[in-house]
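Okay, structure first, notes after.
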Amino acid sequence: MDHDATADVNAPHSMGTTIIGVTYNGGVILGADSRTSTGLYVANRASDKITQLTDNVYICRSGSAADSQIVSDYVRYFLHQHTIQLGQPATVKVAANLVRLLSYSNKNMLQTGIIVGGWDKYEGGKIYGIPLGGTILEQPFAIGGSGSSYLYGFFDQAWKEGMTQEEAEQLVVKAVSLAIARDGASGGVVRTVTINSEGVTRKFYPGDQLALWHEEVEAHNSLLDILNASNPEPMST
Amino acid sequence: MSSIGTGYDLSVTTFSPDGRVFQIEYAAKAVDNSGTVVGIKCKDGIVIVIEKLIASKMMLPGSNRRIHSVHRHSGMGVAGLAADGRQIVARAKSEAHNYENTYGEPIPIKELADRVASYVHLCTLYWWLRPFGSGVILGGYDRDGPQLYMVEPSGVSYRYFGAAIGKGRQAAKTEIEKLKLSEMTCRQGVIEVAKIIYGVHDEAKDKTFELEMSWVCDESNRQHQKVPEALLEEAKEAAKTALEEMDAD
């Protein structure tokens, strides 16, 4: 087979990605993996795909890294002006609408799927999914990115209305780690952002501390660990 | 009350020595001479009522409306030059429409009032434009509850519990202040403002008038609409009765 495993490192960066947003009773939790890939090369294994738009609204970015960054920069700028004009924080609905206006109007040029999540005093916690093409859909939970293909069935079974914050957090982390296990374009660490009336909390779950799923092998930081172990037989555990 | 600003009143871009812009004050006179417009904020919504002076018996009742819906959730009562008022309403409709298209939610009433006020003010800044000869009372019901604003020809806009412009505004304001608005529903408020309008109407100086009323409240599902026919008639009857009682004293 004749293929070049070292893709051009200057080629457009794409985020293979698994992104998730769920509502719970009190707010929302956004979750994502951390792999940015250029073909087969992992350009950034610890990227932050959960980006802030305002104090109370964050987005998960998937697809083209450049496209999703520029869209989020524009929307952050518009939301900032809107907040000043209104004299109070923007609502999640307004943020989501601004994202989809850009996505829809530039659908021929952009390739980015975005999940908008946040909390405002009128509607509470809300999640909006804005896939390729610029549809906007308000959902109790949303999944996106290449890794999400492996999660549809999982969410059908595991999702419940009105979860607590702990339940929702565990659901998100479990889902992202399941997707990382099966999707080659997703990997690295799991990041979550929780948004509610009290504010925003970021959490970080290192890749080697995630649960192991069917046929997954334990992570080793270095082969030197095996040599220094009491039983220096490789692949013996 | 009125002073002639000889020499300093020819252009809206000229200040008088005592810091006044006379053209704007003259524009306000156009509003002061028109039929009374009253707006009140009750605990569950807004009521706007207009004393529509009828110029000719040949006019069809119900035509020449002076209250207009700006959006589903808001409406505007216009005093002063009718054509000028129509422009202000058109602009407000356009602002509300554009806001919803851009931001995906109905325009907050405060924002709408700001935009209308900016537009009216704009027309007082250039010598090739003249100020609007109309003032508006804007009432709406958004996610922050019912709100009432008044925009004057100068471009000034304030939020009110009760507001009145036009001929009978002084008397109307006195009457409004007597009402306990925060305890009143719109249904009750409709009756009260009808009484006020009938009370301030000057039978001697003015010809007949038509009562035009609209509301936006919980009962109307937070939509701006004409007060239902039955309630309107009830209000008119109550107002006429109250007037007769006063005359009987």
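Protein chains get the first letters and strands the later ones, always in sequence-line order, with residue 1 at the start of each.
- Checking B:Ile176, B:Val227, B:Val47, B:Ile48 one by one against B:Val193, the side-chain contact (heavy atoms from CB on, under 4.5 Å) holds for a single residue, B:Val47.
- A side-chain donor-acceptor contact under 3.5 Å links A:Thr91 and B:Glu105.
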Practice item. Could you give me the CA-CA distance, side-chain angles and deciding distance for B:Gln147 and B:Tyr149, then say whether side chain to side chain contact (heavy atoms under 4.5 Å, CB included) is met? Key: CA-CA 7 Å; B:Gln147 287 153 70; B:Tyr149 290 87; 3.3 Å; yes
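- Among the candidates A:Ile70, A:Val99, A:Val57, the single residue satisfying the side-chain contact (heavy atoms from CB on, under 4.5 Å) test with A:Val75 is A:Val99.
- Using a 4.5 Å cut-off between heavy atoms, A:Leu101 touches chain B through its side chain atoms alone.
- When the shell of 6.0 Å around CZ of B:Arg143 is examined, it contains more than 12 heavy atoms from other residues, nucleotides or ligands.
- In the displayed structure, A:Phe204 atom CZ is contacted under 6.0 Å by more than 12 heavy atoms of other residues, nucleotides or ligands.
- With a threshold of 4.5 angstrom between heavy atoms, A:Glu123 does not approach chain B through any atom at all.
- Chain B is approached within less than 4.5 Å, heavy atom to heavy atom, by no residue from residues 148-167 of chain A.
- Between the NZ atom of B:Lys41 and the CE atom of B:Met184 there is a distance of 13.0 Å, given to the nearest 0.5 Å.
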